[in-house]
Number of protein chains: 2
Amino acid sequence: MSIKRIQQITGFSYSTISRVLNGKAQEFRISDKTRQAIFKAAESLNYRPNILARSLRLKRTYTIGLIVPDIKNPFFGELASRIEKLLREQGYSTILCNTNEIPENEEFYLKVLVDRQVDGIIIAPIHTKEWDAMEHIRRERSIVLIDRIFYETDIPWVTSANEQAADEVTSELIAIGYPRIAYLGGTAETYINTMRFSGYRKALERHSLSVDERIVFFEGYSPEAGEEMMATLLEREPDTRAVFCVNNLVFIGAMKVVQKHEIETGRSIMMAAFDIDRYCEIFKRPLLCARQDQEKLAANAVALLIEGIRNTVGPDRHLIVPVCVGRHRIR
Amino acid sequence: MSIKRIQQITGFSYSTISRVLNGKAQEFRISDKTRQAIFKAAESLNYRPNILARSLRLKRTYTIGLIVPDIKNPFFGELASRIEKLLREQGYSTILCNTNEIPENEEFYLKVLVDRQVDGIIIAPIHTKEWDAMEHIRRERSIVLIDRIFYETDIPWVTSANEQAADEVTSELIAIGYPRIAYLGGTAETYINTMRFSGYRKALERHSLSVDERIVFFEGYSPEAGEEMMATLLEREPDTRAVFCVNNLVFIGAMKVVQKHEIETGRSIMMAAFDIDRYCEIFKRPLLCARQDQEKLAANAVALLIEGIRNTVGPDRHLIVPVCVGRHRIR
DNA sequence: TAGCACAGAACAAATGATTGTGCCAAACGT
DNA sequence: ACGTTTGGCACAATCATTTGTTCTGTGCTA
């Protein structure tokens, strides 16, 4: 009832007020006197437009949905932080949807976001289960896949050079004297795991080594999964010397077991993982780390999303961001 | 135009359709035949109510705003994850607002959330700067402070027993032989830092020790702040034996410096901090940790918020959740 | 002086729901 | 037979905007 109040005070009609308040005074040749009066009234009433009514009329909510599998994971925390910031700068609010790696939640959230008429969706999907739903959504609104993608889809996406980075990490491990490398992976059939494992395998094969399934695990992306995989690994193969963890959380879980094992046996294990740069310098041990470029991931995802919203999609709707592979040792 | 389609198909009026679809058929004595017909039409059209229109009319958006200072921090990541889950279970969507510890962002977000007519706000405020704004918001909608609070306000809040936990940690450090404990704190004038430092001081005083300002720092809550404080500390007081970090991020930053220092000097430093339980077991060193009960924090915040929304506020609008203090050593 | 251009602003439809009130017939009671 | 209840539903207002169309005066020209 707020524009109505201005109407009552100034006596001008809704349309005139609306136009003035939206900066269209010039365009609709509204006199300066009128403009001033309306601005004054709006100011004195502390007028704030009703976003719901506006969105209803305009069919644009300036809201976007961000679906991530695990916001507790600092990787997604930082990604969310960057995306939310970029979107805010463009005038959008972000609805946070945390699926917890549960497909049903993903399905649910996609429906909720459509119901809420978000202008766009950025999603790091769990796997391909909701592909159809997303293709369907894509017809009516902007949607961008991030991090975890469907390689074959036409939906815009941005991800890291996972395969190549995993290959590099593995090659480096081999080069520094670890031909037998255990792989602690995420859930099978999931994009990230598939690509990183593929890189791992390719590196081995290039060095005429083959994948030993006894030291390969696909249990999940959580610390608990990491702990379990590492425990099983060391039980079966106590003389393991090198381990490649699919992500930071698996690494954390694995490290619990590793530390204990190293103390008990006196033998040290070489660890490598994705996105553990935050932890690298707090360990008194060498580590091998593949560091995703979150800034580029976020920036490109948001750019693609906005392009989709504005219907100005460029030719490059699929982006692969380079990953930085590095070795670390204190000092 | 969706309910209109159902109208066209079934011939029933808007009111009847709306009532049936909202499960008020009984209440308004609508015949079973009518009900079935409307349901069938809705189903076949794949009808989804327009949430904007509904919210506009009902003045309820089923949306809540969550304002946190740093979603990259796994502590807030987990808190957000829990809160978002609980709210989802109650039918609410969560708008994520990450202030990045910047007061201007907090001010901005509070306005945005009010403009968006959220039903409620859960906020871990930066400090008391926006207190007035929140008191103002409180008149019209539900708002709950979490983690960082204003002790004196009537606004509902839930936080941890920070002072007591810091006291316990400090006492324990003294008890195990560290009378001289450095304090690496967050931003001065901020609730968390004030309470934890107060606990630290009280413990010292109880043991007839006094605060030595040369080993007390209030630089911030980030890893960078932790690194800087620790570096300065060790430069000035190289024989420091025990350090209490105000939070997990400061701990991470400090550890970088500590590890290097320990290698160089051969002397070990006893570390204590809040919310480092995730890291405890991945270090081959004893640690002292105060672990906040995120489950209770989140559950109580959401409960208070819902009470506020439903106007069923109970007597206990201010809750202090116990903190678990524990010592850790591998094995 | 009729006709026209144009500045300036009002009118009213449309967005998609919810809800208080009103209407009509059938059933019911006495 | 007449008044009252009740079942079953429609009408129309309302929520706060935006926007295409229309209206009303000027001042100017032919």
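Numbers restart at 1 for each chain; the letters A, B, ... are given by sequence-line order, proteins then strands.
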- Item | Atom-pair distance (CD on A/Q8; P on D/dA16), nearest Å | 12 Å
- Query: Contact class for B/S55 (heavy atom, under 4.0 Å): base, sugar-phosphate, or nothing?
  - Reply: nothing
- Query: Does OP1 or OP2 of C/dT18 have a side-chain N or O of B/R54 closer than 4.0 Å?
  - Reply: yes
- Heavy-atom side-chain contact between A/D32 and A/R35 under 4.5 Å: yes
- Message: Closer than 3.5 angstrom, by distance alone: can the side chain of A/S160 be matched with the main-chain N or O of A/D147 as a donor-acceptor pair?
- Response: no
- Item | Below 4.0 Å: OP1/OP2 of C/dG16 and any side-chain N or O of A/K59 | yes
- Which is true for A/R48 with a 4.0 Å heavy-atom rule: it touches a base, it touches only sugar-phosphate, or it touches nothing? sugar-phosphate
- Query: Bend across the helix from C/dT1-D/dA30 to C/dT30-D/dA1, to 10°, with axes taken over 5 pairs at each end?
  - Reply: 70°
- Test B/W157 against every option in B/F150, B/Y151, B/Y191 by the ring-ring contact (aromatic ring centres under 6.0 Å, His included) rule and name the one that passes. B/Y151
- Task: Using a heavy-atom cut-off of under 4.0 Å over every strand shown, decide if B/K24 touches base, sugar-phosphate, or nothing.
- Result: sugar-phosphate
- Can you tell if the side chain of A/L249 reaches within under 4.5 Å of the side chain of A/P74, non-hydrogen atoms only? yes
- What's the CD1-C1' distance between A/I3 and C/dC11, to the nearest Å? 15 Å
- Please confirm whether any donor atom in the side chain of B/R57 sits under 3.5 Å from an acceptor in the base of C/dG20, or the reverse. no
- Find which nucleotide of DNA chain C each of A/R29 and B/L52 is nearest to by heavy atoms, and output the residue with the more 5' nucleotide. A/R29
- Query: Is the phosphate of C/dA9, meaning OP1 or OP2, less than 4.0 Å from a side-chain N or O of A/S15?
  - Reply: no
- Message: So, does B/T16 get its side chain near the phosphate of D/dC9, meaning an N or O under 4.0 Å from OP1 or OP2?
- Response: no
- Task: Give the rounded distance in Å between these two atoms: CZ of B/F28 and P of C/dT18.
- Result: 12 Å
- Within-4.5 Å side-chain heavy-atom neighbours: A/R116 and B/T63: yes
- Message: When you measure from the side chain of B/D119 to the backbone of B/Y62, do you find a donor-acceptor pair of N or O atoms at a distance under 3.5 Å?
- Response: yes
- Round to the nearest Å and state the distance from A/N22 atom CG to D/dT17 atom P. 10 Å
- Message: What contact category does B/S2 fall into here, base, sugar-phosphate, or nothing, at under 4.0 angstrom with non-hydrogen atoms?
- Response: sugar-phosphate
- B/Y221: what forms a side chain to side chain donor-acceptor pair (under 3.5 Å) with it, not counting sequence neighbours? none
- Can you find a side chain N or O atom of A/Y14 that sits less than 4.0 Å from OP1 or OP2 on D/dC15? no
- The answer to which of A/S13 and B/L21 contacts DNA chain C further toward the 5' end, by nearest nucleotide, is A/S13
- Item | Rounded interatomic separation in angstrom, taking CD1 from A/I17 and C1' from D/dT17 | 12 Å
- Message: Out of the candidates B/E135, B/R138, B/R317, B/H318, only one should pair with B/T153 under the side-chain hydrogen bond (donor to acceptor under 3.5 Å, both in side chains) rule; please name it.
- Response: B/E135
- Whole-Å gap separating C1' (C/dG8) and CZ (A/F12): 10 Å
- Task: Tell me whether the OP1 or OP2 atom of C/dA17 has a side-chain N or O from B/K4 closer than 4.0 Å.
- Result: no
- Interatomic distance, B/R116 CZ vs D/dA16 P [rounded to whole Å]: 18 Å
- Within the structure, does a side-chain N or O atom of A/S31 lie under 4.0 Å from either OP1 or OP2 of C/dA9? yes
- Query: More 5' along DNA chain D: B/L56 or B/I30, using each one's nearest nucleotide?
  - Reply: B/I30
- Spacing between A/N50 atom CG and C/dT15 atom C1', to the nearest angstrom: 13 Å
